[in-house]
There are 2 protein chains.
Amino acid sequence: MATMASLFLKTPGPSQSLPKTHKTHFVLPQNLPLSWRSKYRAGPAAARIRCGLIEPDGGKLVELIVEEPQRDLKRRQALSLRQIKLSKIDIQWVHVLSEGWASPLKGFMRESEFLQTLHFNSLRLGDGSVVNMSVPIVLAIDDSNKNNIGDSSSVALVDDKDNPIAILNDVEIYKHNKEERTARTWGTTAPGLPYAEQAITHAGNWLIGGDLEVIEPIKYHDGLDRFRLSPAELRDEFTRRNADAVFAFQLRNPVHNGHALLMTDTRRRLLEMGYKNPVLLLHPLGGYTKADDVPLEWRMKQHEMVLEDGVLDPETTVVSIFPSPMHYAGPTEVQWHAKARINAGANFYIVGRDPAGMGHPLEKRDLYDADHGKKVLSMAPGLERLNILPFKVAAYDKTQNGMAFFDPSRPQDFLFISGTKMRALAKNKESPPDGFMCPGGWKVLVDYYDSLTPSENGRVPEPVPV
Amino acid sequence: MATMASLFLKTPGPSQSLPKTHKTHFVLPQNLPLSWRSKYRAGPAAARIRCGLIEPDGGKLVELIVEEPQRDLKRRQALSLRQIKLSKIDIQWVHVLSEGWASPLKGFMRESEFLQTLHFNSLRLGDGSVVNMSVPIVLAIDDSNKNNIGDSSSVALVDDKDNPIAILNDVEIYKHNKEERTARTWGTTAPGLPYAEQAITHAGNWLIGGDLEVIEPIKYHDGLDRFRLSPAELRDEFTRRNADAVFAFQLRNPVHNGHALLMTDTRRRLLEMGYKNPVLLLHPLGGYTKADDVPLEWRMKQHEMVLEDGVLDPETTVVSIFPSPMHYAGPTEVQWHAKARINAGANFYIVGRDPAGMGHPLEKRDLYDADHGKKVLSMAPGLERLNILPFKVAAYDKTQNGMAFFDPSRPQDFLFISGTKMRALAKNKESPPDGFMCPGGWKVLVDYYDSLTPSENGRVPEPVPV
């Protein structure tokens, strides 16, 4: 982990106070005094948050973390309740819910929310308004859990060491039809969907919904917690920077100069549209990813190298980790990725080719049509307020020795460097063409592959960048 | 077909004028002079239609049938165009579209409508309003069709004898991802879904959308066309009867006295709510049904016997055929069944247990949770204007010798006569308990089974009533 240390040295450490300058990518409000952080809570601060940034779904950012003075009480209460043991992915969803990424959802879905998500990718609220909600956020339990819970209205959610994480109140238990859930979420039931294999196929036959009280903020103690800003913290950071537009870029792969070009160009376009201070939320996904994706810690290192290289302007860029697990559910999931960023204050969302897509588990084709993600996103209920910015195609321009937007009038000048090509180069410690990725960022990729112990058959897992 | 004749003798025949009395179930506006029928067209009449009944989706009933004077011209134009041959089910969808059951849809879905249907079960209109649309209404073509169409913007749709049925204009051809369509519509991709086997699995790999011009009203020449009233004709009939509430009952099975009780009770409840003249639309589905359902002609005979028995009041009942094919897609399809009836003027919709459901094709269970249909229906986008009336459970009350609403305080008095039991009785020419179904209606069922030639293995197809 020596390489991680260098990352931390280059960003303000826990002992440093809030940077006075805006020249920072990595914002660390966790280091602020508690009194300052409490401003983020919905309530008195909510009106202030609303005046500048896009409103959270449902009008108010949901926050489900118990206030400090009540935590011991809630911990004791949890110990007196029937318990459900959470998986790692379950805890990631508790994290997501606790900070209001899924606002106005107040806990794991009850059946009416689950059905609306499966059938309509949206929830109708009490006032008749509609918010987007495309991915089921549910907690599976098995028969013995169900029997154990009996008629209890509240249950404790505990980690693998039986530490209480949260209390789920006013619970509702209903059937977990895995086939239907999978078919309606992914548009296929083919075996081999990573999230399904990880979190559905072997999960219990029941789902339990209810309202969450999360006993304390979720932490992973992996050295990256400082980068996990909540929607409230991000909103405050955007406000502090006087952002009049926030554009979000979701990613789960290494950043190359084509991405950087796109982000820079987006800011230019927003300025042209009349915005005075558009701020980029560069927002790598930090929850569960499939085995052949580049792990979060390596991606964060790579992102930092890219940023350090000066390709993106630190004054107008915020880098933070999005705590959601990854479904790889294409057009269904991209809505979730966009919706969650509304809650974090983004009013512009950059969408690329085949977002949240992957290869079909059984057939030799992409699971989703590459254009469906952006089409579905642009039509999705509850996302009308969000401005969708379709990704322009960038490629390596041989006449410029750098990444540029593809110009169809001179295709011969452009080189498309596929994910497969990029992987092969990094694995073989070769270099891509100058200007494809900054050398520091490329080295992180090479180091990552170098760190992998080949499995018995001599192959290493294959990440799928871009 | 001797038995069919008796049906027609009991209803006004083509030579009779429009009945002066309201005492009729079977309404026959096809027999009216053309000038009278033209009032149904959207335009001057639309305002009148709107004043009493629920507005059609999109505000105006879509009608796609070419006016008489232009028909020859359009027929000749069709002969000059590239052709697509329609299946029986395709023609049923042309029928559905042509009369505006799917208003505001003006033809087979283009990709943006198809995607919205799959993901959101609804369409957002130009003015931002949302209408329900849960079932894809699409036309599949194969590679050779696609090549043949080339860049043509209009194509002719022809029947199996190459007679032109319609012209499809401003066409858009896009991929037919059958797996995704099936998964998102049915919540399963298990082989054996009747509609999928009939109309998807062996269909072409492309879909073609566009605006329809239907050359003349679709007729089947099966002796039942007179019962196929369009939404405009139904609206006019409801207006003529001064209906201040229209409650629709979708069915695809024989009617027993439990159904009749429910319909009568619904009217009673509507009167209690203050409506002066609630009218029942008893609306058997007339399009494609699976092989083991009771065929339409037998169901119509059975319905007439039941009605003749006086269980339902002819003054407040309209019987007509709904031309849609059946998907058996449970909670997804019930929305279509309800939405189409809004377009026909219904503002109340009766929903039963497991609507449009069936057994799982591979597993020993129902494909859908029996309660999901009514739950999904009550939450569906675009159906907010429709009043959903959940079906009360009726059973045979042994103390009354008749069907009654189940009283949980005295379960021992009730007999549940399952579909399996009913089938077995009818096949064996046995009688159900007195009061389960009127004798005339029961005889039709017995006659139907009697008419079936047992297949080689000695078994006859099994209908699934109730």
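All chains are named by letter (A, B, ...) in the order of the sequence lines, taking the proteins before the strands, and each is independently numbered beginning at 1.
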So which residue, B:Q116, B:E180, B:E179, ends up with the most heavy-atom pairs under 4.5 Å with chain A?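 The residue among B:Q116, B:E180, B:E179 with the greatest pair count is B:E179.
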Heavy-atom pair count under 4.5 Å with chain A, highest-scoring of B:K175, B:R124, B:Q335: B:R124
Under 30°, 30 to 60°, or over 60°: which ring-plane class applies to B:W336 and B:W93, parallel, tilted or perpendicular? tilted
Would you call the rings of A:F114 and A:Y174 parallel, tilted or perpendicular, where under 30° means parallel and over 60° means perpendicular?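 Correct class here is tilted.
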Under a 4.5 Å heavy-atom cut-off, does chain A meet the side chain of B:D369, its backbone, both or neither? side chain
Given that the side chain runs from C-beta out, which part of [X] has a heavy atom under 4.5 Å from chain B: side chain, backbone, both or neither?
| X | value |
| --- | --- |
| A:S122 | neither |
| A:R184 | both |
| A:T185 | backbone |

Rounded distance (nearest 0.5 Å) linking atom CZ of B:R252 with atom CG of B:L285: 8.5 Å
Looking at CG of B:L207 and CG of B:L139, how far apart are the two atoms once the value is rounded to the nearest 0.5 Å? 8.0 Å
For a 4.5 angstrom cut-off between non-hydrogen side-chain atoms, does A:T332 reach A:H327?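 Counting from C-beta outward, A:T332 and A:H327 never come under 4.5 Å.
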Pair count under 4.5 Å, heavy atoms only, with chain B: among A:M379, A:R181, A:E111, A:K375, highest is A:M379
Smallest separation among heavy atoms of A:H372 and A:P331, with atom names: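 For A:H372 versus A:P331, the nearest heavy atoms are CB-CG, 3.9 Å.
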